[in-house]
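Report on one structure; see the data block that follows.
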Amino acid sequence: MHSRRTLLGRLLPSLLLFTFISVPALHPSAVPPVQAALHLTETTGTFLGYDDDAGVVSVNTRLGLRTLLVVPETLFVLNNRAVQPTALLPGDRVTIRYRFDTAVVYEVFATREARRSGVITAVRANQIDLRIGRGVTLTFTLDARTRVSLEGILLDDETVLVGKRATVVYEPGTNLLALSVAGQGLRTGARITALDTVAGTVSIGGRVPRTFVLDDTTTLRRNGEFAEITDLVVGDRVTIAFIRDGKTLRAQALQARP
């Protein structure tokens, strides 16, 4: 046994050396290339213009004027919707992501907005009228992206805003596209103490317990989703935007969470 260990001890270095020499080295072409991560630089500033012939955009940043290259794959987004580069106007606020070494632009995110406050006088399928002064009414266009709320609660029925003060954030232009409409009204909050699904009422506690009537125009939300009165649970924490109709309190929007 001792002689076998001695023999192996003598042969082992030679075997290891033979193994090391016998393994062929990989040619560089046989090694799969490593895809380098795309490192983009981000800058913000004011959009100055787009030159279609030269294929460049000009932006005024805190570091001065930058002129960057536009390619067919460049994505332009204005107020959360994809647009053509010609849709951007001087003065738009932009965030641009581009390659620093080539100056090629990958993404341009632009915002263009203004705001007006007044009283909503009419609500139609895709329009609202906002009286901003004596004899001056602006008509704003609504689309699927317009966020319409009352006291911070997203509405299912915007007609409850008629007669209420509101602030409209909109995209200046010929159609005055509304980005958001925030209505103001009476508001309270507490936990639900009782529900009457037949009478359509919700009672809340607090220092002054109150009962609110729900009707077909009331927007109900629970955990951010549209809901029915049967989805509400005693003990839910609720925020309610309401009006007084004589001695009756009518809920126009209710938001609940456990």
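Transitive grouping of hydrophobic side chains (ILVMFWY, heavy atoms separated by less than 4.5 Å) brings V148 and L176 into a common cluster. A single hydrophobic cluster is not seen to contain both L254 and V160; linkage of ILVMFWY side chains at heavy-atom distances under 4.5 Å, directly or through other members, places them apart. There is no path of hydrophobic side-chain contacts, each under 4.5 Å, that joins L89 to V169. Linking Ile, Leu, Val, Met, Phe, Trp and Tyr residues whenever their side-chain heavy atoms come within less than 4.5 Å places I132 and V168 in a single cluster. A single hydrophobic cluster is seen to contain both F76 and I96, as judged by linkage of ILVMFWY side chains at heavy-atom distances under 4.5 Å, directly or through other members.
The number of heavy-atom neighbours closer than 6.0 Å to CD of E228, taken from other residues, nucleotides and ligands shown, is 12 or below. Within 6.0 Å of atom CG in N80, 12 or fewer heavy atoms from other residues, nucleotides or ligands are found, so the atom counts as exposed in its surroundings.
Evaluation of the side chain to side chain donor-acceptor pair (under 3.5 Å) rule for D52 yields Y50 as partners, not counting sequence neighbours. By the side chain to side chain donor-acceptor pair (under 3.5 Å) test, S180 is found to be paired with no residue, residues two or more places apart in sequence or in another chain being considered.
Once rounded to the nearest 0.5 Å, the distance linking CD of Q255 with CG of N223 reads 9.5 Å. The CG atom of N60 lies 6.0 Å from the OG1 atom of T46; values are rounded to the nearest 0.5 Å. Taking CZ from F100 and CG from L40, the interatomic distance works out to 13.0 Å, rounded to the nearest 0.5 Å. To the nearest 0.5 Å, the span separating CG on L150 from CZ on F242 amounts to 11.0 Å. Taking CG of L130 as the reference point, atom OH of Y170 lies at 10.0 Å (rounded to 0.5 Å). The structure places OG1 of T219 at 9.0 Å from CG of L154, a figure rounded to the nearest 0.5 Å.
T188 has its side chain within reach of F212: a pair of non-hydrogen atoms, C-beta onward, lies under 4.5 Å apart. The shortest side-chain heavy-atom distance between I153 and I240 does not fall under the 4.5 Å cut-off. Contact annotation: the side chain of L155 approaches that of L161 to within less than 4.5 Å [non-hydrogen atoms, C-beta and beyond]. In this structure, F47 and V57 have side chains that are in contact, with non-hydrogen atoms separated by less than 4.5 Å. Residues F226 and D156 form a side-chain contact, since some pair of their non-hydrogen atoms from C-beta on lies under 4.5 Å apart. Side chains of I204 and V238 form a contact here, defined as non-hydrogen atoms less than 4.5 Å apart.
No donor-acceptor pair closer than 3.5 Å links the side chain of R147 to the backbone N or O of L179. T95 places no side-chain N or O within donor-acceptor distance of the main-chain N or O of T44, the cut-off being under 3.5 Å. Not one N or O on the side chain of T61 forms a donor-acceptor pair closer than 3.5 Å with the backbone of G45. S58 places no side-chain N or O within 3.5 Å of a backbone atom of L48 that could act as its donor or acceptor partner. At least one donor-acceptor pair under 3.5 Å links the side chain of D51 to the backbone N or O of A54.
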Steps toward side-chain contact (heavy atoms from CB on, under 4.5 Å) verdict (L214, V202): CA-CA 8 Å; L214 313 180; V202 173; 3.7 Å; yes
Using the rule given for salt bridge (Lys or Arg N to Asp or Glu O under 4.0 Å), can you reason through D236 versus R222, listing the C-alpha separation, both sets of side-chain angles and the distance that settles it, and then say yes or no? CA-CA 9 Å; D236 279 354; R222 189 171 192 271; 2.7 Å; yes
Does the pair V108 and L78 meet the rule for a side-chain contact (heavy atoms from CB on, under 4.5 Å), with working shown? CA-CA 8 Å; V108 179; L78 172 61; over 6 Å; no
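Applying side-chain contact (heavy atoms from CB on, under 4.5 Å) to V105 and the options T74, V71, V59 leaves one that passes, T74.
T167 and S117 are linked by a side-chain donor-acceptor pair at a separation below 3.5 angstrom, with hydrogens and angles left out of the test. A side-chain donor from one of T218 and D215 sits under 3.5 Å from a side-chain acceptor of the other.
For residues 60-88, the pairs satisfying salt bridge (charged side-chain N to carboxylate O under 4.0 Å, His left out) are R81-E171, with sequence neighbours left out. Evaluation of the salt bridge (charged side-chain N to carboxylate O under 4.0 Å, His left out) test over residues 180-199, restricted to residues two or more places apart or in two chains, returns E151-R187. Sequence neighbours left out, the pairs with a member in residues 104-116 that pass side chain to side chain donor-acceptor pair (under 3.5 Å) are D92-R112, R97-E107. Sorted by first and then second residue, the salt bridge (charged side-chain N to carboxylate O under 4.0 Å, His left out) pairs with a member in residues 126-146 read R124-D129, D143-R145; sequence neighbours excluded.
Here the shortest heavy-atom pairing between G205 and T193 reads N-CG2, 3.5 Å. Between V94 and A110, the shortest heavy-atom distance links the atoms CG1-CB, 3.7 Å. Pairing each heavy atom of I128 with each of V181, the nearest pair is CD1-CG2, 3.8 Å.
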